[in-house]
Amino acid sequence: MSAESERSADVIVVGGGPSGSTLAWALARKGVDVAVLERRRFPREKVCGDYVDPRGLEVLRAMGALDSLERSSPPRITRTATYVDWERRYDGPIPFYGESDHLEAHGYTIPRGQLDEAMLQAAARAGAKVDEQTTVLDAGATAGGVEVSAEHGGATVRYRARLLVGADGVNSVVAKSQGLDAADPARTVLARRAYAVIAAEESGQGTAEIFFDGSTFPGYAWMFPSGDGRVNLGVGLLAEARERFDVHLPALFDEFLAGLRLHHPRGAEIELVSKPIGGIVRTFGAAAANRFDGGVLIGDAGCFVDPMTGEGITPGMESALLAAPVLIAALEQGDFSASALAGYERAFHAYFDPSMVFLDFCAVMLRNRHLKRPWLRALARGCEIAQRDEDFARVSGSYFGGIELRPLDIIGQVWSHSLEDLLLAWRQVMPGAAAGGGGEGHGVTPSDLLDWPLALSRSLLSDPVWHVQWMRDMEQQWRTLLSTAAGAGSDPRGAGLLGEM
């Protein structure tokens, strides 16, 4: 390498993706001298479902990035379809969109190459310094200051700052430098994604299609329209299940693609237009301390990813907006210790916990792959109810991508319908009960109910140590959920953060 050079800033943000760009924009617009170090040159490809929900669109609009992205006419995603074992169980409007006056009633599928470039440009327009093709080699942060060593164009560049932010993804160099690497296979999701062309939808509105079956459990597959007959399709699976059951993710993706061609109404002539590539995310439940002497972690580096959907774009933006005022206050006070940055941890727990703790509990329950058949039957039943009951769809369906979650309402609805199904199912074996007992569309039978204890027995016999630990994890998460829900009012994520800036 050639001779070293040195640069300085108030805040160094490592990583120029959605969370890093959002933070750089939020700081720069307040007059903070902020430098973004990005190891790639944008645009670049990124493994992702590419979906941006209405909360994310609100942030993009505030940053001044949405107008340019809309010029490429991304399809408005207003509908969803859910398949269970290749049978379409729900098909209709996304039930929880359009209920908020300050949010759009749709989402967009925006390829990450376009999205990330537009956001990084918005940060630069606000005054952030952006150094692309700059690979961070080492990061040292203390309460007294920050030093970062990076490689750029064959030369070593040393950066000095007062604060350091890790926005550099799941394999964060910053997190590792501070001993905060959150490697937990029970909360790590592996994904494989490709782009394809497919026959255009007949509807003028885009439909996000989700696929559940035994091969992807605990996980799912997706197909999201990207416009001009293109789709983003992929599979995601919990790393723990991949390791325990020796699942080969490329083979799983190939199986999903073959299933689309065989079963999907528009899938007969689907053709890939990109090579399938893999990626990793760590979900919110893996987050530990996201602050340290001299800085914080945001976005994927801080595990700000939805435990059920694996969606991290909007939570990453939100984590950045929560960090910005705390960092600005630290700069004003001249105190960069971890204790001075504790406000960030309090803020993200207050903002995310009312929804994410519930979602993490759901994800923990679904970790047991032996329960896939009864869970899939329960999901099919839930979709059947949602198709005819708008209130059930809006409230209970919100666990998978909802704008505002009310955990106790979801639990109440699910238990109510579960009790009804239990009573109707057992009527079928009681003397003198009417045949069928459940009425039109009721598909729960006594054998379905027996699937649960049988599946639990198989889990226990297969791996007693893992099974007992899983049960303990569920108990712990349930206690956490109850304590969180008891003190929570409405979901703060429903109101968003931009009104406070």
Donor-acceptor pair between [X] and [Y] side chains, under 3.5 angstrom:
X    : Y    : result
N232 : W222 : yes
D391 : Q413 : yes
D360 : Q477 : yes

Is the distance between the ring centroids of [Y] and [X] under 6.0 Å?
X    : Y    : value
Y83  : Y90  : no
Y351 : H349 : no
F211 : F256 : yes

Nearest 0.5 angstrom please: [X] [atom1] to [Y] [atom2], how far?
X    : Y    : atom1 : atom2 : result
T80  : D91  : OG1   : CG    : 8.5 Å
S483 : W478 : OG    : CH2   : 11.0 Å
N290 : L341 : CG    : CG    : 11.5 Å
S416 : I411 : OG    : CD1   : 13.5 Å
F284 : M356 : CZ    : CE    : 6.5 Å
L481 : D353 : CG    : CG    : 10.5 Å

Using a 3.5 Å distance criterion without hydrogens, assess whether the side chain of [X] forms a donor-acceptor pair with backbone atoms of [Y].
X    : Y    : result
S355 : F352 : yes
R266 : A199 : yes
T207 : E209 : no
E45  : G113 : no
R29  : A123 : no
R55  : I403 : yes
S21  : G16  : yes
D213 : D85  : no
T22  : G20  : no
D168 : V173 : yes

Practice problem: Determine, stepwise, if the pair D10 / R162 fulfils salt bridge (charged side-chain N to carboxylate O under 4.0 Å, His left out). | Solution: CA-CA 5 Å; D10 289 330; R162 294 193 283 174; 3.4 Å; yes

Practice problem: Please identify each residue that fulfils salt bridge (charged side-chain N to carboxylate O under 4.0 Å, His left out) with D131, with sequence neighbours left out. | Solution: R7

Quiz item: Taking only residues two or more places apart in sequence or in another chain, which ones pass salt bridge (charged side-chain N to carboxylate O under 4.0 Å, His left out) with E311?
Solution: none

Could you tell me if the side chain of [Y] sits less than 4.5 Å from the side chain of [X], heavy atoms only?
X    : Y    : result
V14  : E38  : no
L405 : F358 : yes
E132 : R39  : no
L482 : T480 : no
L498 : E58  : yes
L331 : L163 : yes
L321 : W25  : yes
L260 : H263 : no

Quiz item: What class does the angle between the rings of H106 and Y108 fall in, given that below 30° is parallel, 30 to 60° is tilted and above 60° is perpendicular?
Solution: tilted

Ignoring hydrogens, what is the shortest heavy-atom contact between [X] and [Y]? Give both atom names and the distance.
X    : Y    : result
R88  : A81  : CD-CB, 4.0 Å
T314 : D53  : OG1-OD1, 2.9 Å
L252 : S215 : CD1-O, 3.4 Å
E104 : P54  : O-CB, 3.3 Å
I410 : Y399 : CD1-N, 4.3 Å
G98  : A105 : CA-CB, 3.6 Å

Quiz item: Taking 4.0 angstrom as the limit, do R493 and E318 come out as a salt bridge?
Solution: yes

Exercise. Kindly check if the number of other-residue, nucleotide or ligand heavy atoms within 6.0 Å of CZ (R261) is above 12?
Key: yes

Quiz item: Around E99, counting heavy atoms of other residues, nucleotides and ligands shown, do more than 12 lie under 6.0 Å from its CD?
Solution: yes

Quiz prompt | Working for side chain to side chain contact (heavy atoms under 4.5 Å, CB included), residues T188 and V281 | solution = CA-CA 6 Å; T188 301; V281 296; over 6 Å; no

Quiz item: Would R89 and E87 satisfy side chain to side chain contact (heavy atoms under 4.5 Å, CB included), going step by step from the backbone distance to the final call?
Solution: CA-CA 6 Å; R89 296 287 189 160; E87 183 176 350; 3.4 Å; yes

Practice problem: Decide yes or no on side chain to side chain contact (heavy atoms under 4.5 Å, CB included) for I77 and Y51, but give the supporting numbers first. | Solution: CA-CA 9 Å; I77 309 300; Y51 188 66; 3.5 Å; yes

Taking distance alone, no hydrogens or angles, what donor-acceptor pairs closer than 3.5 Å link side-chain atoms of residues 294-306 to residues at least two apart or in another chain?
| residue | atom | partner | partner atom | Å |
| --- | --- | --- | --- | --- |
| D306 | OD1 | M308 | N | 2.7 |
| D306 | OD1 | T309 | N | 3.0 |

Quiz prompt | Test applied, side chain to side chain contact (heavy atoms under 4.5 Å, CB included); reference residue, L69; option that passes from M119, R61, Q114 | solution = Q114

Exercise. Run the numbers on W375 and N368 for side chain to side chain contact (heavy atoms under 4.5 Å, CB included), then give the verdict.
Key: CA-CA 10 Å; W375 272 125; N368 195 328; over 6 Å; no

Quiz item: Within 45 degrees of the axis of the six-membered ring of F96 and under 6.0 Å from its centre: does R394 put its NZ or CZ there?
Solution: no

Practice problem: Carefully, step by step, assess E240 and R367 under the rule salt bridge (charged side-chain N to carboxylate O under 4.0 Å, His left out). | Solution: CA-CA 8 Å; E240 179 187 57; R367 278 172 52 201; 2.8 Å; yes

Exercise. List the steps, then state whether salt bridge (charged side-chain N to carboxylate O under 4.0 Å, His left out) holds for D116 with K46.
Key: CA-CA 9 Å; D116 292 8; K46 174 77 172 178; over 6 Å; no

